[in-house]
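Comments concern the structure below.
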Amino acid sequence: MELKYKSTRGGQTEVTASQAILQGLAGDGGLFVPAQIPRLDVSLKELAGMSYQETAYEVMKLFLTDFTEEELKRCIACAYDEKFDTEAIAPLAKVDGAYYLELFHGATIAFKDMALSILPYLMTTAARKNQIKNEIIILTATSGDTGKAALAGFADVPGTRIIVFYPKDGVSPIQERQMVTQKGENTMVVGIRGNFDDAQNGVKAIFGDQELKKELLEAGFQFSSANSINIGRLVPQIVYYVYAYAKLLESGELTEGETLNVVVPTGNFGNILAAYYAKQMGLPVGKLVCASNDNKVLYDFFRTGEYDRNRPFILTTSPSMDILISSNLERLLYRIAGEDAGKDMELMNLLGTEGRYEITPGMREQLSDFCGYYASEKETAAKIKKVYENTGYVMDTHTAVAACAYEKYVDETKDSAKTVIASTASPYKFTRSVMDAIDEKRYSGMTDFELIDELSAISNTDVPNAVKELRTAPVRHKTVCEVNEMKKTVREFLDVR
């Protein structure tokens, strides 16, 4: 049976999976969601014996039903190959009473690689399926990790170009250097004078500009997105929760049907939404713990039912979570509103005009799978130090936020269910913050690359290739613009005047 996709705002006819991937954002400004969530059609016992690639196929075939078996398996094989530094792709580390799902073993050492390694193959396959002759322009805003992972995925892919906007002073030095040294004649990286929400709003405005869209079509271009608003980003993320459960079952850490809790450090809400979709597919997931940093807009939402972005934007040591507008939450709102597109539109309009909305008591009742916790900067640093001193395991700042949330959840609820914590980035991506947390006095005078060598020594891990390459890589992208110049910058890159 073919699974179709519809917009959360109800203003577009249903489309196939490949069409949804190509469009990225629905024509009415909404997000594409599956018309229904499919159920897993293989047993957990069968999944336990599968590789990551085999698991990916069993999950993704249910969502991407207009891709042939050959097409989908080819996309998976091209994505999950030797660019990952471990055959497991997403290994689990048992540390301090929880299972850390290490999602950072790809080319750019962040979890975004899990989806952005496959998206270019899904997108180019989708273009062929739909007889698209235009050049596809990937337009993306990033809070640090999506940008580099998307750039690496789409660099020199025929028939595509990619433009990434990032907040100039809102990412880590390693994140910025990874982006501005990116190779590829079809790539462009632009720092904006603003924060991530400014970049994301700017990109959404460009997508919504019908006049620009018409001009680009006439010039042989069409936009798509590599952000987690693209369903082609979200579906691959479901895989690693299914895989984690299956591997814990295979190793005897779980019994078949045993409930597994999941903790996710959350910014744009895509990663934890994928875990929710996995639960809807029949995976025995219990509580979904949404972990926030000091920009705790989601924590407040799950505690009160009110979403309010009218607050100071705080730059933290976990910059990929420095977000006040969590775009993927719209997909959850649509579902808990009974798939009422009118209600979704009402809430999104309130967010746009007043910066806040409040969900109904009935909608709040539908959020029982979720709970929210947050960690301050001080708590995050203390967790990194404590876990390292107790176990020798070094985690990055985002993972530490999740570890704090897990500890608070257990203290508050006494829930003893086994728990997977999504470890979303390598500590090498946030070396200074991590090393300062472990021993600020000792490491304060070191350069970023000296700190990298020191991290390698204390963690007994090899420096990832993604970081090694940065030592000598030349800066290729130097463009910086104001938020109101983003559209002009896109025109210039595409030579559309």
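Just the heavy atoms: all of them, side chains too, but no hydrogens, waters or symmetry mates, feed the values below.
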Residue pairs meeting ring-ring contact (aromatic ring centres under 6.0 Å, His included), one or both in residues 310-363, sequence neighbours left out, come to Tyr307-Tyr357
Residues pairing under side-chain hydrogen bond (donor to acceptor under 3.5 Å, both in side chains) where one sits in residues 360-369, two or more places apart or in two chains, turn out to be Lys279-Asp369
Sequence-distant partners of Glu250, side-chain contact (heavy atoms from CB on, under 4.5 Å), two or more places apart:
Ala48, Lys247
Hits for side-chain hydrogen bond (donor to acceptor under 3.5 Å, both in side chains) against Asn195, two or more places apart or cross-chain, chain-then-number order -> none
Side-chain donor-acceptor contacts of residues 36-45 below 3.5 Å, not counting sequence neighbours, with atom names and distances?
unit_1: Arg39; atom_1: NH1; unit_2: Gln280; atom_2: O; d: 3.1
unit_1: Ser43; atom_1: OG; unit_2: Glu46; atom_2: N; d: 3.0
unit_1: Ser43; atom_1: OG; unit_2: Glu46; atom_2: OE1; d: 3.2

Would you say that more than 12 heavy atoms from the other residues, nucleotides or ligands in this model lie under 6.0 Å from the NZ of Lys386, or not?
no
Mark yes or no: Lys408 above the aromatic ring of Tyr374, with NZ or CZ under 6.0 Å from the six-membered ring centre and no more than 45 degrees from the axis.
yes
Residues two or more places apart in sequence or in another chain: which of them pass side-chain hydrogen bond (donor to acceptor under 3.5 Å, both in side chains) with Ser228?
Asn328
Salt bridge between Arg311 and Asp300, side-chain N to carboxylate O under 4.0 Å?
yes
Does any part of the side chain of Val297, heavy atoms only, come nearer than 4.5 Å to the side chain of Asn295, both counted from C-beta?
no
Contacts of type side-chain hydrogen bond (donor to acceptor under 3.5 Å, both in side chains), residue Thr399, not counting sequence neighbours:
Asp396, Ser423
To the nearest 0.5 Å, how far apart are OH in Tyr100 and CD1 in Ile421?
3.5 Å
Tell me, do Leu234 and Arg331 make a side-chain contact under 4.5 Å, heavy atoms counted?
yes
Please, which pairs that meet side-chain hydrogen bond (donor to acceptor under 3.5 Å, both in side chains) have at least one residue in residues 105-122, sequence neighbours excluded?
Asp85-His105, Glu102-His105, Thr108-Asp113, Lys112-Thr146
Give every residue pair that meets the salt bridge (Lys or Arg N to Asp or Glu O under 4.0 Å) criterion with at least one member in residues 409-423, sequence neighbours excluded.
Glu258-Lys418, Arg303-Glu412
Taking only residues two or more places apart in sequence, or in another chain, which ones meet Lys343 in a salt bridge (charged side-chain N to carboxylate O under 4.0 Å, His left out)?
Glu346
Not counting sequence neighbours, list each pair that qualifies as a ring-ring contact (aromatic ring centres under 6.0 Å, His included) and has a residue in residues 424-443.
His398-Phe430
Can you list everything that forms a side-chain hydrogen bond (donor to acceptor under 3.5 Å, both in side chains) with Thr316? Sequence neighbours excluded, please.
Asn293, Ser318, Asp322
CG (Asp448) and OG (Ser172) are apart, to the nearest 0.5 Å, by 8.5 Å
Is the closest side-chain heavy-atom distance between Arg432 and Pro173 below 4.5 Å?
no
